[in-house]
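Quick note: numbers below take in every heavy atom, side chains included, and nothing from hydrogens, waters or symmetry partners. So that the names make sense, note that chain A is the first sequence line, chain B the second, and so on, each numbered from 1.
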Amino acid sequence: MEKPAENEKTKGNSRSLNFIEQIIEEDIRNNKNEGRVHTRFPPEPNGYLHIGHAKSICLNFGIAEKYNGLCNLRFDDTNPLTENVEFVDSIKEDVRWLGYDWGDRLYFASDYFERFYEFAVFLIKKGKAYVCDLTPGQIAEGRGTPTRPGRESPYRNRSVEENLRLFSQMREGMYGNGEKVLRAKIDMASPNMHMRDPVMYRIIHTDHHRTGNKWCIYPTYDFAHGQSDSIEKITHSLCTLEFEVHRPLYDWFIKELEIFPSRQIEFARLELSYTIMSKRKLLQLVEEGYVMGWDDPRMPTICGLRRRGFTPESIRTFSEKVGVAKRDNIIDVALLEHSIREDLNKRAPRMMTVINPVKLVITNYPEGETEEVEAPLNPEMPEAGERKYNFSREVYIEREDFMEEPPGKFFRLAPGREVRLKYAYIIKCEEVVKNEYGEITEIRCVYDPETRSGSSKSNRKVKSAIHWVSVDHAKPVEIRLFDRLFNKEDPDDTEEGKDFKSNINPESLKVMEGYIPSGTGPFKPLEKIQFERLGYFCADPDSTREKPVFNRTATLKDTWAKIKNKG
RNA sequence: UGACCGAUGGUGUAAUGGCAGCACUACAGGUUUUGGUCCUGUCAGUCCAGGUUCGAGUCCUGGUCGGUCAACCA
């Protein structure tokens, strides 16, 4: 038999196993489920997927892949009040975009409603379930508290015949919403609240996005999830920690129903610093206009990250790096940023772009002349070829690349100083022109014609090389600079009487008017590119042919910013 | 003041009774026509108290701290 643990080790590139993989490998060793591994990703179609879901998706599909198993996509659609097809579609799109394939195994809990009904009848006949007429308030009250046992319902000992009749009438629509429920008969004194006769079915006279008006009774999570797992012969049902207390009930239903025993294993959900993950709060940001929509590039949603310029690969490696364990954790958002930089550094072509321009004139360069210079498309990938730039007498440079009175550690352009205009010539600043407000409007320099990049005398060292775009060959673009949405590592850490929105970063979006070299593009939506020395960007779908729009995905690591901020 | 779960550098995550390792961050240096990348190095950790053992991050007991559970949500 295959022994993945040993293979991993002998390959020499082994990553130690997380606790779920350890369980799975032991199950395989014991030939449990004939060595089969089958997982599932079970979203409820009532919202958009976020980076926390991505961890679960990568875990479930990743494990199936690793152990030559299968992973189903199953919608947990048991509550018609909150679910709809739009969410089903967006979720499918996001999972597919992440690079996972559920083959022909797209399932819906609602596909099993008839089976669930039969399961319920089976339990009633077994004397393990009963119809209860108590109101929601009475049920809650009768359940007790975590420290006080509950009280048995007066309807608990109805006869099997009566329960069968009543349950059938529930299905036929003879009762209104909330009038009756079907409950499991377990133990009202259990220390586990979920075992105190939990509700299995409730009456909801609402059409379902898939079953229409066929049903007016719907199973609860507890009476649907484990049963779905079992029907699909899921071997390892991975979910987050808050479901740990549901596990005894999950197991109880499987045992009493005498069906395939899937095993539930819980892991800690992903939390990210400077970010919120709650569906409710994300909805609030959208509805109250703090962001432009669910796919706003500042949102931690999959569609937001996609529009921000993240790649599926970067999210997958991120999910790998965060690990899987049972303790609560808050991942440093810097790890997410690292993951996208690592990926884009290897694959994103480079281009010089100026986002905060100031004009620079080379006084000894002939007017009206243009020459072409060449630069590697990507120094990490020499085979990718070159990009050509037009160079002329006037260029835009980045305002931050010039300082009139530079501190010691600043080694870019300043009066009397030399720098290289990247891939072109070394220039020297001779004069600064200002307007009536004292703002710099023009920097005047001379260039050394012998220092053209690539020429024999070009190896003279200067302290830095700055990027530029020729004024006569510049195309204006909109550039959206995104920063983290919240100022606080924990956005829920607020002053008395305030909520998480008080921690919103007012500078999370800055819109700039910059220049790219004319003749570049058109850019495909979401096309990735590194603006040299500035960061990774992608073309926003808002782009038009006349006016491209770029989103900043991430800055480059910026040691100068650190020095500057230290003063 | 119940049941269950958890606790290893700043943040994550390994070590399965035998040298506390890896990644991110931070810091320092080297290379560099991106203050990027890459390379080298540095700081930094087993919640506490007992016990078992030749040997404990790991096992046992007790505590401390954190989380979860009282929807007809999932």
A:Asp77 and A:Arg210 ion-paired at < 4.0 Å: no
Looking at [N], I'd like to know if its phosphate oxygens (OP1 or OP2) sit under 4.0 Å from a side-chain N or O belonging to [X].
X	N	value
A:Thr220	B:A71	no
A:Arg327	B:U13	yes
A:Arg280	B:A74	no
A:Thr78	B:A74	yes

Look at all strands and tell whether [X] reaches a base, only sugar-phosphate, or nothing, counting heavy atoms closer than 4.0 Å.
X	result
A:Glu244	sugar-phosphate
A:Arg247	nothing
A:Tyr201	nothing
A:Gln530	base
A:Ile331	sugar-phosphate
A:Val462	nothing
A:Phe410	base
A:Asn18	sugar-phosphate
A:Ile330	sugar-phosphate
A:Leu421	nothing
A:Lys409	base
A:Arg196	nothing
A:Phe411	base
A:Gly144	sugar-phosphate

Nucleotide nearest [X] (side chain, heavy atoms from C-beta), chosen from [options]:
X	options	value
A:Pro191	B:C72, B:A3, B:G6	B:A3
A:Thr145	B:G2, B:A74, B:A70	B:A70
A:Trp560	B:G35, B:A71, B:G12	B:G35
A:Asp328	B:G67, B:C5, B:G2	B:G67
A:Pro136	B:C72, B:A70, B:A74	B:C72
A:Lys461	B:U68, B:U33, B:U13	B:U33
A:Lys422	B:U34, B:G36, B:C5	B:U34
A:Leu556	B:C69, B:U34, B:U37	B:U34

Does the structure show a Watson-Crick or G-U wobble partner for [N], both distances under 3.5 Å? Name it, or say none.
N	answer
B:A56	none
B:G41	B:C27
B:U64	B:A7
B:C22	B:G12
B:G2	B:C69
B:U32	none

Criterion side chain to side chain contact (heavy atoms under 4.5 Å, CB included) on A:Ile186 and A:Leu249, from CA distance to verdict: CA-CA 9 Å; A:Ile186 309 180; A:Leu249 181 55; 3.6 Å; yes
CA sep, side-chain torsions, deciding dist, call: A:Tyr536, A:Ile340, side chain to side chain contact (heavy atoms under 4.5 Å, CB included): CA-CA 9 Å; A:Tyr536 298 100; A:Ile340 187 60; over 6 Å; no
Report each atom pair, protein N/O against N/O of nucleotides 24-29 of chain B, whose distance is under 3.5 angstrom.
residue, atom, partner, partner atom, Å
B:A26, OP1, A:Lys562, NZ, 2.9
B:C27, OP1, A:Lys566, NZ, 3.2
B:C27, OP2, A:Lys562, NZ, 3.4

Check: A:Tyr423 ring centroid to A:Phe391 ring centroid under 6.0 Å: no
Test of ring centre spacing under 6.0 Å for A:Phe411 and A:Trp560: no
Crowding at CZ, A:Arg158 (>12 non-hydrogen neighbours, <6.0 Å): yes
Pairwise [atom1] distance for [N] and [M], with rounding to whole Å:
N	M	atom1	value
B:A7	B:A14	C1'	16 Å
B:G21	B:U53	C1'	25 Å
B:C27	B:U13	C1'	22 Å
B:U58	B:U8	C1'	11 Å
B:U32	B:C22	P	28 Å

What's the separation between atom [atom1] in [X] and atom [atom2] in [Y], rounded to the nearest 0.5 Å?
X	Y	atom1	atom2	value
A:Ile20	A:Lys326	CD1	NZ	9.0 Å
A:Tyr274	A:Asp483	OH	CG	10.0 Å
A:Ile28	A:Ile23	CD1	CD1	12.0 Å

Could a donor-acceptor pair under 3.5 angstrom be found where the side chain of [X] meets the base of [N]?
X	N	value
A:Arg533	B:G35	no
A:His246	B:A74	yes
A:Glu380	B:G36	yes

Axial cation check for A:Phe108 ring with A:Arg74, 6.0 Å and 45° limits: no
In whole Å, what is the span from the [atom1] atom of [X] to the [atom2] atom of [N]?
X	N	atom1	atom2	answer
A:Glu242	B:A71	CD	P	16 Å
A:Phe267	B:C5	CZ	C1'	15 Å
A:Met200	B:C72	CE	P	14 Å

B:A70 glycosidic torsion: syn (within 90° of 0) vs anti: anti
Stepwise side chain to side chain contact (heavy atoms under 4.5 Å, CB included) test for A:Tyr130 and A:Ser153: CA-CA 10 Å; A:Tyr130 63 98; A:Ser153 163; 3.8 Å; yes
Stepwise side chain to side chain contact (heavy atoms under 4.5 Å, CB included) test for A:Leu73 and A:Arg40: CA-CA 6 Å; A:Leu73 175 60; A:Arg40 100 270 91 114; over 6 Å; no
Nearest-nucleotide comparison on RNA chain B, the residue closer to the 5′ end among A:Ala561 and A:Val322: A:Val322
